[in-house]
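Inspection log for the structure reproduced underneath, given as structure tokens.
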Amino acid sequence: MALSTSLSNALSGLTAASRAAELVSSNIANAQTASYGRRALVTVARTTGASGQGVQVAGVIRQSDPVLIVARRGAEAASGNSSTKAAFLTDIAALIGTAENTGSLSSRVADFDAALLVASASPESEAALGTVLSSATALADLLNSASDAVQAARVSAETSIAGQVSDLNTALQKVADLNEDIRQQLARNGDASALIDQRAQVIDGIASILPLREVARDDGQIALFSANGAVLLDGARPATFGFTAAGTITPDMTLASGALSGLTLNGLPLSTAETGLLGGGTLTAAFAIRDGLAVEAQASLDAVARDLAERFQGIDPTLATTDPGLFTDAGNFVDAAAETGLAQRLTINAAADPDQGGALWRLRDGLGAATAGAVGDNSLISAMSTALNAARDPVSGNFLPGARSFATLAGDLTSQLATARMSAESTGSYTSARLATLVEEEAAAGIDTDVELQNLLLIEQAWAANAKVVQTVDAMLQTLLEI
Amino acid sequence: MALTSIGDLAQTLALRRQQTALKTGMQRLSTELTTGITADTAAYLKGDLSSLTGITTRLARIDAFRIGASEIGLATQAAQAAVSAIGDLSLALRDDLLGTTQIRGEEAISALGADARQRFASAIAALNVRVGDRVIFAGVTSDGAATISAEAILAELTTATAGATTAAQMASTISDWFDDPAGYATTAYLGGAARGPVQIAEGESLGFGTTANDPALREVLKGLAMAAMLDTGALSGDAEGRAALALAAGEQLTAAETGRAYLAASLGLAEARVEAATTRNQTERSALLVAQSTLLAVDPYEASARLDEAETQLNLLYALTARLSKLSLTDYL
């Protein structure tokens, strides 16, 4: 009968309207949720026999912009990469400081230079000799602590790599599991939107580790590739990354020497260069710090330490040519062959330090002197002052050739680190600005509560109309039954 | 995606980002305003820190030169005073000694001898003068005395001249003893070698090389010693000999005066050099401080103008944030 058909049509309308309201409420509830795709209802006219009668809910669409999401994830990886490197370089540059700050490398070198000049004017003065010792110790201490900071950064990069690798492995496994769940849900004609949201969230969690590409596969599954083509997930089993963290790291331990582990993908070694398969994320940034930036910084510090120590070797007539001078390699002669890590081991010769069983007068009379000599003799101190300011070619390190005084060399190191920091910071500000723009664009495509409420007004209207139809048909049927 | 709607989060994120940027900028500007120098030195100097490093190094050196110059200046001044005191002692005695051609009285000569002995002692005391904790005429061993006591020297001379019978013999023995490396230099002079040069300005060093073993000072001591020996019983009984010895002493003092005057002049020159170097250092220091502040300083007017601007923008942003958050359809339903 036509009346009962209209009743069932009205009921289908009520069902569709209530379903739509459910989606609107879900959207509004998730207005602040990241990686939530806006749900939209798809309705089609119901077909019974040859004619369409009533409305049928065809399904729920989850709206998302895959291109935008991929771009945003790439920007996250790039931003993470540059901010990791910038943080390291800022740390080291801050330790070395700039010349106008007391406690910076240049200012300690200047203090040492001035102390030598004052001591050469009054070599009798214990105070002047004490100042020479303390300023030399301060200089060596700064080189020690800068070198310690560089190695500590390598250790934290190592820990971070281990953490990121385990995060990657866990996340890839989760995505594989979710892929399977989504496939099953869609096979049952169910709504897999919530699972897709979850999967997107898991992938976002590892987006900064390495730049990813997401490719759609059948039945709602996805495949994951790294930016330059390594297969991370395609099918049932995800790829596995392998890494062995070293406990402590010393300057002589490098990837090339075999003391430090590299990265493996499914058991095969994988290059961690940024032009390699992994692209530029925080993972490759950590490797770049551990094997590149920190190693270079250590080499520069070692070159400076060696230049300093060599200036004071060979000017003291009370020492043999193979005896260590004022600056020693943990008490030994500073040897060209043992330059790696020298900055960490640089110490003042114990013979001049009263706290280590030496005596201050040895600064004046010679480190190998058995007894104190003439108190007014400034010949050795003047020789030390001349040696510090003599123009000398740096024999190692990444410095331009050209003879220069030690103060100039220290200034060149400061400039080198400052320039590296500034360029890393400018890259960082570019990548973070790009990331911010993409995040805002993605958010702009998110839930707009005003639109949802407008839709709710329409749904309310539709519901009211359908309910009115039910009422009217019911009244018509009542009229019939009263006959 | 066609823009049929704009998500809620987009606006929030944009406003938050702008707020952070403005606040960071304001913090940096207020630091620059209060300290007067730039907050990020390396960025301000475009990564080339060599001129700044050069300035700070030279400033530290100039401060050190100041101390060295004042040490040398003090030593030179004290030496000047001692040398001129010795000069006064010797000149007054010389006039009396040369007059002994007229005076032949033994009492007069004995009186001169006693006076000369006291003057000799004063001269030796002047040579052992201390500045601070340093004996300036003792060379590198400045913690000990420069010479043995005047009496000890006279005792040595008495031993050395034991066999001398004439004034000429006495005079020449005394002179030889002072010049002999095994005589004065070994037995009487207790100090060490001359002190090394000290830097008082960039590229300029000055040495205080005068010791109690200086030839000019020895010549004066010879004359004073010769006259002082009259009081130790030399040539006793030989009145003519004693008078001749007194005369010889006077002639020796006359001859020594030239050398002593040259020594005083060279010390005066050294003092002048120290003063000139100090003035030059002070001028250079002022110039370097100006250069350093030119490199690093931030114009306070400009910084405060930019700070005002940032403050205004931040206030506007707060007002906007409040207004936009009130705009919602929910309030009208």
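Not measured: the values here are computed from a predicted model. By convention in this document, chain letters (A, B, ...) are assigned in the order of the sequence lines, proteins followed by strands, and residues within each chain are numbered from 1.
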Under 4.5 Å, counting heavy-atom pairs only, tell me which of [options] racks up the most with chain B.
options                        : value
A:Q32, A:E124, A:R421, A:R38   : A:E124
A:T98, A:D377, A:L457, A:D450  : A:D450
A:M422, A:Q454, A:Q416         : A:M422
A:T449, A:T419, A:V451, A:V439 : A:T449
A:S379, A:A410, A:S122         : A:S122
A:S415, A:G446, A:A114, A:A110 : A:S415

Which region of [X], side chain (C-beta onward) or backbone (N, CA, C, O), has a non-hydrogen atom less than 4.5 Å from a non-hydrogen atom of chain A, or is it both or neither?
X      : value
B:Q11  : neither
B:D143 : both
B:S50  : backbone
B:R61  : both
B:I200 : neither
B:L52  : both

Could you check which of [options] has the highest count of heavy-atom pairs closer than 4.5 Å to chain A?
options                       : result
B:S70, B:S205, B:G196, B:P197 : B:G196
B:G68, B:A69, B:S142          : B:S142
B:D63, B:L327, B:D40          : B:D40
B:R58, B:R66, B:R17           : B:R17

Residue pair A:N398, A:S300: steps toward the side-chain hydrogen bond (donor to acceptor under 3.5 Å, both in side chains) verdict: CA-CA 6 Å; A:N398 192 16; A:S300 298; over 6 Å; no
Please check this pair: side chain of A:S125 against backbone of A:A128, looking for a donor-acceptor N/O pair closer than 3.5 Å.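 Flag set: sc A:S125 to bb A:A128 pair under 3.5 Å.
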Can you say whether the rings of B:Y189 and B:Y184 are parallel (under 30°), tilted (30 to 60°) or perpendicular (over 60°)?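 Ring orientation of B:Y189 relative to B:Y184: parallel.
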Would you check if there is a donor-acceptor pair between the side chains of B:T211 and B:N213 at a distance under 3.5 Å?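 Distance-only check fails for B:N213 and B:T211.
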Using distance alone, with no hydrogens and no angle criterion, decide if A:S385 and B:Q199 have a side-chain donor and acceptor under 3.5 Å apart.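 On atom types as modelled, these side chains do not qualify, holding no pair under 3.5 Å.
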From [X] atom [atom1] to [Y] atom [atom2], the distance as rounded to the nearest 0.5 Å:
X      : Y      : atom1 : atom2 : result
B:F65  : B:R280 : CZ    : CZ    : 10.0 Å
A:R434 : A:T431 : CZ    : OG1   : 9.0 Å
A:T33  : A:N27  : OG1   : CG    : 10.0 Å

If you compare all heavy atoms of A:R364 against all heavy atoms of A:G373, which two are closest, and at what distance to 0.1 Å?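 So the two residues come closest at NH2-O, 4.1 Å.
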Other residues, nucleotides and ligands only: do more than 12 of their heavy atoms fall within 6.0 Å of CG on A:N101?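 Result for CG/A:N101: enclosed.
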